[in-house]
Amino acid sequence: MYKNPNLSSEERARDLLSKMTIDEKIDQMVFFSNLAAVAADSAAEKDLPPRCGAFGNLGNLEDPEALDKMQDYFLNKTRLGIPLIMAFESLHGFYHPKATAFPQCAGLGGTFNPSLIYEMAKIIGKEARAVGVRQVFAPNIDIPRDPRWGRSQEAYGEDPYLVGEMGAQYVKGVQEEGVAATAKHFIAYGVPEGGINLTPAHVGEREIREVMLEPFQKCIDAGVKSIMPSYNEVDGEPVHASRKLLKDILRGEMGFDGTLISDWGAVHMLNDFQFVAPDFLTAGKMALEAGIDIEAPEPKGYGDAFRAAAKAGEIDISLIDNAVLNILKLKFELGLFENPCATREPMNTAAAKELALKLDEQSILLLKNDGMLPLDEKKVGRVAVIGNNAKDSFMGDYIAQTEDFVSFYDGIKNRLGEERVLYARGCGHLSYTDEMIAEAVETARKADTVMLVLGDSTDGGGGVGGGGFKDNEITCGEGYDTHTLDFPPSQKKLFDEIIALGKPTLLVLYAGRPFTIKDEVEKANAFMFSWGGGEQSGNAFANLIFGDKTPSAKLSFSMPQSTGHIPCYYNHKMSARGSFYKRPGAPGAPGRDYVSASPAAWYPFGYGLSYTTIEYSDLKAKVGVDGKVYVSVCVENKGSYEIDESVLLFVRMMYCPTTPFIKKLRKFSKVNLRPDDRKTVEFTLTDEDFTYIDENMKTAKNRGEHKIMIADLECSVEI
């Protein structure tokens, strides 16, 4: 019956489950990362035990023939013929050397353009299926709160509404191509103690409900098929062992009915990292009881001891059945029993490259401009492109494609010609020599304009490679956290030497986290920022620098003035940045928040410059007879450049039974404005936009005065 494609996935899964032995059930709960032997042509092939239900490994995932051979083995040479789920990373592009590389997610969030995220996800889905991969470990919908954390770059921003909207579009796009999305990491992974990866999250249930759950609920509503719990512990309880978080809240309250796959090694870490389980078997039992369906990347908690315990009746078989039923339903929903193989469609097509370019153009930030930009390519003269990221431009974590990557240097050279573009690296990401500095200074002296390109490096993601940096000077990424957001000494030295020349200087930063370089930026003529470039990064920078397009990105993360200004996120509680005695800190006039500085952000969430002038006016809000709030605002382009302007709407609760936020993003819209265009942008707010978490940890509608805020305008509405 389970082989009948005309039956529902639920019917087929239950029928197949009824035919399985305990071993065959537990096989489905195991993820392996090396099945080369299974795919080999061998006389002993028939004797190899089918001991897993899912597979993911970078080396094998490059080869669709190898994956198809594995599927053939499991479909045709095992007793029940259950195919594998092939799965791997696809954060901002399918993790494959020939796939399309898009900008890093923090930059994608700054586009405020969900429709482009949807288009990107559809390409990712197609490229994953091209080699036979049917599940991707994305989107990342964490809410980072500490920029010292090296994984901050992987999220779409610090705001839950923004992250949820972007994550939901990723889910819809990739799953329309027959590939399961995996929303991660549930929950509160982005608030690690000290900014150090995997450390405890010191948040209460209220903060989880107010801030962390919204993106996951949006992805669940979008139909996400899988969720990955987070490595961390919340209030002393590891998430991978938390029945309250995974069963009561995620499955019970939020209605998630897909698969839960562990993060890499997180089940056995209950034993050897968080020390809540005395052995791997206990760790496996705890994970199963919490609802973990699949253990990755190898069976330790769900290993041989777990099998023996299950056969001995020491494990509740109904829990195993529930896990396997979830897995089988997913396989039937994806159509793996009928068509598990690679499509072999072409990757990185012209249309994909065009989208990568557009996303980079909309994600690169202009944060300072004294009038230097845009440059006139006919008058700019010779340009010196200098810095550790000039040619090794940071792409961000979890991307493999480097073959077609256009670095910053390449983009400027493509525009001006090699004879007008001078180059010197100047320093490494963490090191330098006097000779390197001297060469860079001499190169800059020969130029009319200097573009100083500095920032982060990465190994590609979680140690799996692909970053392209061979000097082992990794500064940012999974497992690469930092105690300071200042320039490394090598980059500070190069900056000081170059800026002392007095040349017109554009400072460019490729970075996976904010840098606290306020003093340095004041000395530069212009400052541009990329959270990690896609494959067309250099061309996108050139298009913006030379005025083919105007920058339109806005910050998805607030940038602090210093490391001591952490936390710095915009959507804090009313009382969270000090008393009413705010005074700017200065010698002889100490402040009452910080003695020597304001607690305000250096560059706040939503900040971003362009080459044109946008004017907002005529903000109106009224409550309709249906109880909804209808908002309108006029947006006018008074400059000479066309722009895709991001219109952001915030709500502030003036009073609330539990402490309210200073403001919360509740809607945004991308509006194309040609010079002299004037458009009315309309939004509709519903009860969902005026809710809070009450004293019983339930969602309730707030009553009373609320302010609607767009740009520098605000108006009041009574709910």
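Source: prediction; values computed, not measured. Any value given below was found using the heavy atoms of this structure, including those in side chains, with hydrogens, waters and symmetry copies removed.
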- Task: Please say whether the positively charged group of R251, taken as NZ for Lys or CZ for Arg, lies over the ring of F256, i.e. under 6.0 angstrom from the six-membered ring centre and within 45 degrees of the axis.
- Result: no

- Which distance, rounded to the nearest 0.5 Å, do you find between the CZ of R51 and the OH of Y302? 16.0 Å

- Centroid-centroid distance, W602 to F515, less than 6.0 Å: no

- Item | Lys NZ or Arg CZ of K25 over F306 ring: under 6.0 Å, within 45° | no

- Query: Does I292 reach the side chain of P229, with side-chain heavy atoms less than 4.5 Å apart?
  - Reply: yes

- So do P147 and I566 actually touch side chain to side chain, heavy atoms under 4.5 Å? yes

- Can you tell me how far the CG atom of L246 sits from the CE atom of M254, to the nearest 0.5 Å? 11.0 Å

- Give a yes or no on whether the ring-centroid distance for Y510 and F394 is below 6.0 angstrom. no

- Message: Distance alone, cut at 3.5 Å: any donor-acceptor contact between the side chains of T182 and Q135?
- Response: yes

- So, are E89 and K184 salt-bridged, with charged N and O less than 4.0 Å apart? yes

- Strictly by modelled atom types, are D293 and T259 linked by a side-chain donor-acceptor pair under 3.5 Å? no

- Below 6.0 angstrom between ring centroids: does that apply to Y156 and W531? no

- Message: Atom NZ of residue position K573 - does it have more than 12 heavy atoms of other residues, nucleotides or ligands inside 6.0 Å?
- Response: yes

- Item | Pairwise side-chain contact, F186 with L213, heavy-atom cut-off 4.5 Å (strictly under) | yes

- Do the ring centers of F102 and H92 come within less than 6.0 Å of each other? no

- Message: Ring of Y480, cation from R148 - is the NZ or CZ under 6.0 Å from the centre and inside 45° of the axis?
- Response: no

- Query: For residues H202 and E193, is any side-chain donor paired with an opposing acceptor at under 3.5 Å?
  - Reply: yes

- Residue pair Q561 / T516, side-chain donor-acceptor N/O under 3.5 Å: no

- Between Y189 and W149, how do the two ring planes meet: parallel, tilted or perpendicular, split at 30° and 60°? perpendicular

- Message: Centroid separation under 6.0 Å, is that true for the rings of F55 and F32?
- Response: no

- Item | Parallel, tilted or perpendicular: ring planes of F31 versus F137, cut at 30 and 60 degrees | tilted

